[in-house]
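Protein chains get the first letters and strands the later ones, always in sequence-line order, with residue 1 at the start of each.
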Amino acid sequence: MRNAGTVLLLSTLLVGVLAAAPAMAALEAPALITSAGQSPGALMVRVLADQAGVANVYDATAGLDQLAGAKSLIIVVGASMKGLGAAGIDVDQEFARIESLLVEATSRGIPVVAMHVEGAPRRGSTSDDLSVLVLEYADHAIVRADGNEDGFFTRLAEEHDVTLQLVERTAEAGAVLKTLYGN
Amino acid sequence: MANRMRIAMAAVGLLLFGLALGAYAQTPAFHDIRPGYGVTAIGWLSDYHPPLRGTPGDSRVYILDSGVPGGTLYVQGGTHGNEIAGVMAATILVERAIPTVGRIIVVPHGNNANVDYNDGYRSGVPSYVTIEVQGGVPRSFRYGSRRTNPAYEAEPDPDIYVSPDGGVHEGNEIRNLNRVHPGKPDGTLTEQIAYAIRQLLIEENVDVAIDLHEAGVNSRLANTLVAHERALEAAVYAVLDLSAQGLHFNLEPSRQEYRGLSHREWGDHTKALAFLTETANPGQTDEYTAPDVVNDPKNPLHDRVGRQLAAVRAIVDAAVLLGAPPVSYEGVPTYADLVRDGLGPWLNAPTAQP
């Protein structure tokens, strides 16, 4: 019964966000979802993408091979030193991996969605540097609003002509994905 | 002669007083917890590790059995006695929860040997908090410390403490329940408490285990859910469920280096999916000189307890959604209920006035 209530609440959020979303060309699936910084945000986005019916391949440390079959690339920014350590990656390697994915996606015409869904607690110098890198190549950005209280993502989006959508709650990002993918 | 008799009697009296004091000191602390209809049995941690009986480390175990087959949920407050929202959330479960499928096991004071000790970790915090319940009746709850009262340990703290599975910590962490898991049957009092909890999780076939904590308001851990890797996907669902309710929780995966912590060791040593919650306690915040741990305007206790209970509910729902044996319960206030009502109406009041 309570699960039904949760579904109803998520559906209500979905309708609200759909109504507010601007019209845009739908992205194609499958999407490759990866992390930039190895925080748990990418796993959250994988769950949200599943719920939104967006076919996806999730690999937090994806390389160019995983990009082969993808029709879109979702990069979820969030730096966690412990996450990087657990994945056996240092910061420089992470920047290099993400940049190679972005360059390759751009050269193949694969649209890029940048996401920052863990809010203010997941801001910081490494996360911000990764955001600067990813938004330079991104077509769309979905950001939890409390992570943008200083206008950081707004400025980046304006600078790089990225379509920015702010959500109040992490769970609302799924509805934005649903809209972006025309589901 | 009369003087000798008086001196002898005084000596005997002092001896008896001392013995009585010693016996009292070795009695586990009792708390103002008023079990509701959901509670079907009350035990002790020492039921799972008999050497704890008669020590300050023993603690009440409340079992709420629906009688309907399902899974078993374990909820523990009071690992750190100063993290009062966890204690109060566990207390409300004991007093209000009515299980409808499966079982709930609640230990409101995971480390009962820290409740009468102020370790000076933070100044300006109380020994008790008082909540006014129905009829204006005050109920008091102990506000303990992070670590076991050193008077209850046989040995002084070492310089360095190495937990049973190799975690290296500062010496005084030997008295921190959340550094000594999975415990030792013949270890220090704190290690034996951890061992009893591990035995409980195994013997009661616990499916989901949640350790309720608090952190400083400005700590990166405030409003965080930590999950063992086997529990991580359920934690993601739980965080998203909480997000949909407007409750932001950060997600932190448990790491191998967190040896001695509950989310690490419960997950490694038992079949339970292991979680740890954190809310934001002004009483643990360095920047606050006179914290009000109950009525702080930004993080009042009822708000923090509401977050704890919402997290417990979201974790259970997520775990069941992903295949854990079902557990369901009713009667527990939602976050919105506690924001609207405060804690008082959700704690049991005396049934009759004196």
| Side chain, backbone, both or neither: which part of Gln256(B) has a heavy atom under 4.5 Å from chain A? | neither
| Glu94(A) bridged to Arg97(A) by N-O distance under 4.0 Å | yes
| task | Inspect the contact between Glu83(B) and Arg146(B) and indicate whether a charged nitrogen and a carboxylate oxygen are less than 4.0 angstrom apart. | result | yes
| request: Examine whether an atom of Ser80(A) lies under 4.5 Å from a heavy atom of chain B, and if so say whether it belongs to the side chain, the backbone or both; otherwise answer neither. | output: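 Side chain only.
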| message | Under a 4.5 Å cutoff for heavy-atom pairs, which residue among Glu233(B), His248(B), Arg220(B) has the most contacts with chain A? | response |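 Ranked by heavy-atom pairs under 4.5 Å with chain A, first place is His248(B).
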| task | If the plane angle is over 60° it's perpendicular, under 30° parallel, otherwise tilted; pick one for Trp266(B) and Tyr74(B). | result | perpendicular
| Pick from Gly85(A), Gly119(A), Gly83(A): which one has the most heavy-atom pairs with chain B under 4.5 Å? | Gly83(A)
| message | Ring of Tyr329(B), cation from Arg313(B) - is the NZ or CZ under 6.0 Å from the centre and inside 45° of the axis? | response | yes
